[in-house]
Amino acid sequence: MSISTRYSAEDTEGKWYQKWLEKKYFHSTPDEREAFTIVIPPPNVTGVLHMGHMLNITIQDALIRKARLEGKNACWVPGTDHASIATEAKVVKMLREKGIKKSDISRDEFMKYAFEWKDKYGGIILEQLKKLGASCDWDRTRFTMEDKLSKAVVKVFVDLHKKGKIYRGLRMTNWDPEAQTVLSNEEVIHGEENSHLHYVRYQIDSDEEIETIETERLKRELAIFERNIKNLKRGNDKKLLKSNLTKIEHLKTQLAAEQDKLNWVTIATTRPETILGDTAIAVNPKDPRYAHLKGKRAFVPLINRSIPIIFDRYVETDFGTGALKVTPAHDMNDNEIGERHKLETIDVFNANGTMSEAAQMYIGEDRFEAKKLIIKDLKVSGNLVKIEPYKNKVGRSERTNAVVEPRLTLQWFMDMKDVSKVALDAVKDGEVTFFPEHFINMYRNWLAEDKVKDWCISRQLWWGQRIPAYFLGEDFFVAETPEEALAQAKEKTGNNALTINDLQQDEDVVDTWFSSWLWPISVFDGFETQEELKYYYPTNVLVTGWDIIYLWVARMVMAGYEWSEELLGTEFVEKKGKQPFNDVYFTGMVRDLNRKKMSKQWGNSPNALALIEKYGADGVRFGMLSSASAGNDIIFDAPFDKKTKSVLNESKLCEQGSKFCNKMWNALRMLKLLEKVDNPTTVEAEKINPLAKTWMDNKFNQLLETMEVNYKSYRLGDALMNLYNFMWNDFFSEYLEMIKPDYGAPIDEASYDEAIGFFEKFMTILHPFMPFVTEELWHQLRDRKDGDDCIISSYPKAESYDKSFIKKVDTAIEIISKIRSIRKEKGMKDKEPLKFYIKKTKTVEDLFNLDGLEEMLVRRSFISELKYIDTDEVEGTISFISGTDKFFLESTIKIDVAAEKEKITTELEYTQGFIKSVEKKLSNERFVQNAPAAVVEKEKQKLADGQARIKILEESLAQLN
RNA sequence: GAGACUGUAGCUCAGUUGGUUUAGAGCAUUACCUUGACAGGGUAGGGGUCGGGGGUUCGAAUCCCUCCAGUCUCACCA
């Protein structure tokens with residue numbers, strides 16, 4: 001039989017994925033088994049596979065495959081998100097390229113184009129996930145904007161409105177005066193631009209004289225001088241009189257200037273045209289310069305409107321003049337200040353960016369023109385103090401490049417007060433567990449009572465679920481259907497002649513997150529029928545990036561607590577909980593070697609599909625997992641081309657994965673190529689092979705235990721590395737070498753079967769990480785009946801194991817390694833048969849009591865003859881220590897006494913240093929008293945062993961002399 | 001500006017509630033080996049005052065304080 005010397009991922013992966021699909025292994029329907037559920041964080045429907053997805057998907061797939069192997073009913077629900085903003089922007093761009101403007105077509109026409117676009121490009125990403133081996137239940141693929149899910153959105157909107165949790169309110173939004181639409185924060189590009197800071201003075205509106213410490217001081221001083229004058233006039237020192245009079249004049253001017261200063265307050269602004277909309281001047285309450293302005297008012301220049309002077313901590317004392325004009329209609333912060341101080345709001349702009357009637361001046365002029373005009377007028381009126389050049393950040397519309405105006409618009413909000421507390425408590429109380437834990441800090445940072453902001457759920461877009469509010473003039477009716485809204489309208493107005501055409505549905509759609517927050521419920525159609533929800537809810541784990549902890553994770557928790565009891569009943573939630581998922585595993589961001597976040601924009605992300613092609617899906621999965629630890633960012637090792645500075649589709653870690661595939665492949669090849677006979681052909685094999693088997697059995701259980709600990713805390717990378725190291729070092733390098741017959745010799749059937757049996761188990765436990773290669777090898781290992789596949793094999797349960805047995809074999813392996821090391825150092829051949837002597841002690845006796853151990857050692861380290869001796873010295877050998885025992889290896893070359901001495905001295909010094917530190921500990925009374933007995937005991941053992949080693953080393957040194 | 005996280009070998013990371021060890025892994029690197037399952041291999045090495053400085057403790061990579069550096073989130077200065 002001939003098998004290629006290399007494993008080919010290319011030939012394997014597609015084949016098995018197809019087979020799994022045919023066999024419907026990914027499909028889940030409720031049954032009597034325990035469910036294990038994951039809902040995918042739905043990628044953007046128009047997205048393409050990137051590194052972040054690969055990491056995320058690999059982790060989810062590993063978890064779901066493990067659960068499947070453990071006999072659970074594993075259900076991984078895939079799907080996509082409609083991503084309002086991003087998708088609409090793409091559709092608008094596509095239309096523009098066709099010469100169609102969004103404003104020229106109807107809503108229905110636009111939606112037709114959008115769905116065409118979605119059908120064409122949507123779901124590409126899902127096909128790409130298959131390349132990676134994702135074992136999603138594709139029959140359950142959902143889309144956040146499909147009918148059923150949209151109905152759920154409308155339903156919860158109506159429900160929340162009924163509960164009084166949804167309201168309409170004015171809110172500052174980013175307004176594009178050119179496109180005349182609201183933009184989301186993501187659509188505004190902020191950039192530094194050259195501008196000017198205008199210093200404008202406002203006159204204080206006050207009849208009474210304003211006193212400050214300075215004016216009082218001046219007045220006092222003036223009074224003193226005036227008194228002096230009276231006396232001086234009586235005297236005859238004309239010179240002194242004159243100087244005093246001058247001083248008085250001076251003081252009077254100073255006082256006048258000071259008082260004049262007090263009658264004005266100067267502010268600095270980059271936007272003088274909004275002065276007309278000022279409704280207050282704000283200063284910092286701690287600013288001594290303005291303390292005298294408490295309770296005062298000032299006049300807006302040119303229009304002379306009297307506005308209050310208010311004190312607000314927001315104002316920075318060291319910026320500009322420390323006084324800020326407040327225009328609540330045209331600045332986000334001013335708006336907040338306005339809310340705090342209940343200020344009037346005057347909108348001086350029209351929707352198209354021209355001055356409105358409320359401005360009183362320059363009505364109808366464009367805002368940029370108005371700016372020029374007002375500067376001129378302020379100069380004329382004497383209010384303009386100075387103009388300084390200034391750089392500031394200006395927001396421009398991503399689409400039209402128009403300067404974005406903050407503008408108050410009516411939006412829909414969801415009250416977050418109660419739900420945020422519920423969501424925070426869910427994590428605090430451990431109903432939802434975060435991995436890593438510390439993300440609760442970030443979570444709290446957003447949800448804490450004083451931090452949380454109401455959720456603006458309306459978006460001025462078409463691509464999304466339209467808000468189910470129907471207007472009749474100023475009145476509106478929220479209902480699941482227009483008919484219901486009509487009924488409500490009829491009842492409210494008492495007008496039975498109303499028709500649906502009299503009602504106007506809100507133009508806006510809801511935020512995309514307002515549909516994805518229902519995902520863990522809606523993918524099971526939970527708002528319609530609870531049959532499946534009862535089986536799959538709460539889902540087991542959510543795997544997502546921490547960047548959407550607020551946007552998505554927190555909101556899903558809110559939705560879960562809001563509706564699960566209504567849907568599933570009190571009894572159910574008392575038993576299983578209301579939470580949408582029990583655990584949340586936060587993956588890190590994938591970064592490049594410069595720690596920059598990988599993104600399309602930067603062009604620093606390798607091509608995901610190219611990587612899969614190069615290293616195989618298994619190789620890439622290995623690479624992703626081995627660099628992934630929960631919560632920590634992943635520095636992906638794709639190098640950059642030095643010349644072009646572009647990222648290469650290469651990765652050492654992925655290469656390691658593909659090498660691993662090859663290693664397994666070749667180990668299998670070796671086994672398959674062996675000739676099999678009924679009985680062991682050598683005495684050694686008869687002894688060694690059972691030892692090897694027992695050792696592997698014990699070690700395997702130990703491995704399962706270690707991996708399980710790592711699985712439990714989602715340390716998948718660690719679990720994989722446990723397995724990788726174990727397979728490579730213990731299974732391939734040690735075990736297979738132990739049982740491998742001499743070249744050309746046959747192996748006995750029993751030992752062969754045992755090896756295949758172990759191999760098989762490894763395939764099962766490796767399967768979650770590297771599904772393709774394991775499935776392929778699973779089938780290479782034995783002839784399989786139809787349906788006997790690795791993907792549904794059963795995950796072995798850890799059994800107890802004998803630690804002291806493992807320790808003994810490991811000690812023997814250590815001795816073998818030392819023998820090799822000496823051969824290497826001394827330039828002796830690896831396989832040249834040499835004599836070997838062991839100083840007989842209790843420990844040695846105990847060690848080699850183990851059946852087969854001696855034979856194993858002899859065979860693995862090419863020993864011609866093994867003898868136990870009682871002396872401390874053997875002629876023509878090199879000695880070494882393992883543990884506290886001494887061994888002697890025949891040396892065919894002359895010993896370099898000096899070098900040997902140096903080596904022993906170095907080791908001696910190290911051991912002495914070590915002993916010293918242990919002694920120091922033990923001689924410390926407080927240590928002996930305070931440390932746990934076990935720790936002290938260990939230290940004592942360390943001391944005893946160390947002393948024994950020193951003794952041997954000293955002896956060896958003495959013999960060399 | 002507020003907050004969070006990270007800093008351990010050339011690189012990427014472990015170090016599991018302070019105590020098997022004067023610090024571990026993988027990769028990279030060095031030397032040697034290699035017709036025998038695998039050069040996509042084997043064997044053996046080298047490499048770290050655990051970011052700096054204080055403190056708590058019998059004992060600190062681990063806990064506390066402080067400083068420095070990086071990353072990110074939120075808020076962004078009229």
Side-chain angles (χ1 to χ4, degrees), chain A residues 3 5-7 190 197-198 267-271 274 282 314-316 318-321 323-327 331-334 390 392-393 436 438-439 441-442 444-446 451 546-547 549-550 588-589 591 593 595-597 626-629 631-637 652-653 655-656 658-674 709-710 713 715 717-718 721-722 724-725 728 732-733 736-737 740 742-744 817 820-825 827 829-831 910 913-914 916-918 920-921 924-932 934-939 941-942:
Chain A
I3 316 176
T5 60
R6 286 184 185 182
Y7 168 71
H190 292 273
L197 208 49
H198 308 78
I267 56 88
T269 180
T270 54
R271 304 206 58 194
T274 63
Y314 167 78
V315 185
E316 306 265 343
D318 53 3
F319 187 89
T321 63
L324 167 73
K325 70 183 213 55
V326 185
T327 326
D331 185 280
M332 304 271 182
N333 294 300
D334 288 13
Y390 182 69
N392 68 337
K393 274 190 181 169
H438 68 72
F439 277 107
N441 294 332
M442 203 188 265
R444 192 186 288 119
N445 195 33
W446 192 67
K451 296 275 177 60
W546 51 261
D547 50 335
I549 185 169
Y550 310 140
M589 303 286 101
R591 300 178 180 283
L593 284 171
R595 293 190 175 261
K596 231 187 221 169
K597 192 166 160 180
S626 58
S627 53
S629 56
N632 277 342
D633 286 352
I634 283 116
I635 314 292
F636 194 77
D637 64 340
K652 284 281 172 201
L653 286 168
E655 190 188 333
Q656 197 184 341
S658 73
K659 279 184 182 177
F660 185 39
C661 292
N662 201 57
K663 181 75 182 175
M664 291 188 273
W665 178 259
N666 275 293
L668 172 99
R669 248 184 92 217
M670 183 271 278
L671 280 173
K672 298 280 278 189
L673 291 172
L674 292 175
V709 169
N710 285 323
S713 46
R715 295 157 169 270
D718 286 3
M721 282 319 280
N722 293 151
Y724 171 84
N725 285 323
W728 202 300
F732 297 142
S733 297
L736 284 188
E737 288 301 327
K740 189 167 95 177
D742 289 337
Y743 182 59
S817 169
R820 280 190 200 133
S821 178
I822 287 173
R823 286 178 186 265
K824 188 119 298 199
E825 271 168 39
K829 288 214 166 109
D830 288 351
K831 295 179 182 177
Y910 172 89
F914 173 63
K916 219 173 160 186
S917 79
V918 178
K920 203 175 131 196
K921 259 189 213 175
N924 185 331
E925 265 178 53
R926 289 210 272 182
F927 169 74
V928 182
Q929 272 167 19
N930 296 328
V935 174
V936 178
E937 206 40 57
K938 268 173 196 163
E939 291 299 319
Q941 188 59 47
K942 270 156 74 177

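Proteins come first, then strands; the chains are lettered A, B, ... in the order of their sequence lines, and each starts at number 1.
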Okay, side chain of A:Arg591, backbone of A:Ile635: is any donor-acceptor separation there less than 3.5 Å?
no
Does A:Asn725 use its side chain to pair, donor to acceptor, with the backbone of A:Met721 at less than 3.5 Å?
yes
Given atom [atom1] of [X] and atom [atom2] of [N], what is their separation to the nearest angstrom?
X        : N     : atom1 : atom2 : answer
A:Met589 : B:U6  : CE    : P     : 15 Å
A:Arg715 : B:C13 : CZ    : P     : 15 Å
A:Phe636 : B:U12 : CZ    : P     : 14 Å
A:Met442 : B:U6  : CE    : P     : 11 Å

Contact class for [X] (heavy atom, under 4.0 Å): base, sugar-phosphate, or nothing?
X        : result
A:Tyr724 : sugar-phosphate
A:Asp331 : nothing
A:Met721 : sugar-phosphate
A:Leu324 : base
A:Glu937 : nothing
A:Asn662 : base
A:Asp334 : nothing
A:Lys325 : nothing
A:Thr5   : nothing
A:Glu925 : nothing

What are the two closest heavy atoms between A:Ala268 and A:Leu197, and how far apart are they?
CB-CG, 4.0 Å
For [N], which nucleotide in any strand shown is its Watson-Crick or wobble partner with both distances under 3.5 Å?
N     : result
B:U62 : none
B:A14 : none
B:A28 : none
B:U73 : B:A2
B:U35 : none
B:U49 : none
B:A9  : none

Hey, what do you get for CH2 (A:Trp446) to OH (A:Tyr550), rounding to the nearest 0.5 Å?
8.5 Å
Gap between atom CG of A:Asn666 and atom CZ of A:Phe732 - 0.5 Å precision:
9.5 Å
Counting just side-chain N and O atoms, does [X] come under 4.0 Å of either OP1 or OP2 of [N]?
X        : N     : answer
A:Lys740 : B:A37 : yes
A:Trp728 : B:G42 : yes
A:Asn441 : B:C5  : yes
A:Lys663 : B:G42 : yes
A:Arg823 : B:G42 : no
A:Asn666 : B:G41 : no
A:Asn333 : B:C77 : yes
A:Ser626 : B:C13 : no

Pick the [atom1] atom in [N] and in [M], then give their distance to the nearest Å.
N     : M     : atom1 : answer
B:G15 : B:G54 : P     : 27 Å
B:G10 : B:G46 : C1'   : 12 Å
B:U17 : B:C63 : C1'   : 11 Å
B:G51 : B:A9  : C1'   : 15 Å
B:U56 : B:A75 : P     : 42 Å
B:G45 : B:G26 : P     : 13 Å
B:U22 : B:U66 : C1'   : 28 Å
B:U57 : B:U62 : P     : 16 Å

B:C27 base / A:Lys652 side chain donor-acceptor hit below 3.5 Å
no
Base B:A28 to side chain A:Gln656, donor-acceptor N/O within 3.5 Å cut-off:
no
If you measure from the ring centre of A:Tyr910 to the centre of the six-membered ring in the base of B:U22, is it under 5.5 Å, with the planes under 30° apart?
yes
Evaluate the side chain to side chain contact (heavy atoms under 4.5 Å, CB included) criterion for residues A:Asp830 and A:Lys824: first the C-alpha distance (whole Å), next the side-chain angles of each, then the deciding distance (0.1 Å), finally the verdict.
CA-CA 7 Å; A:Asp830 288 351; A:Lys824 188 119 298 199; 4.2 Å; yes
Test ring pair (Phe, Tyr, Trp, His ring centres under 6.0 Å) applied to A:Tyr7 - qualifying residues, sequence neighbours left out
A:Trp665
All ring pair (Phe, Tyr, Trp, His ring centres under 6.0 Å) counterparts of A:Tyr724, not counting sequence neighbours
A:Phe622, A:Phe660, A:Trp728
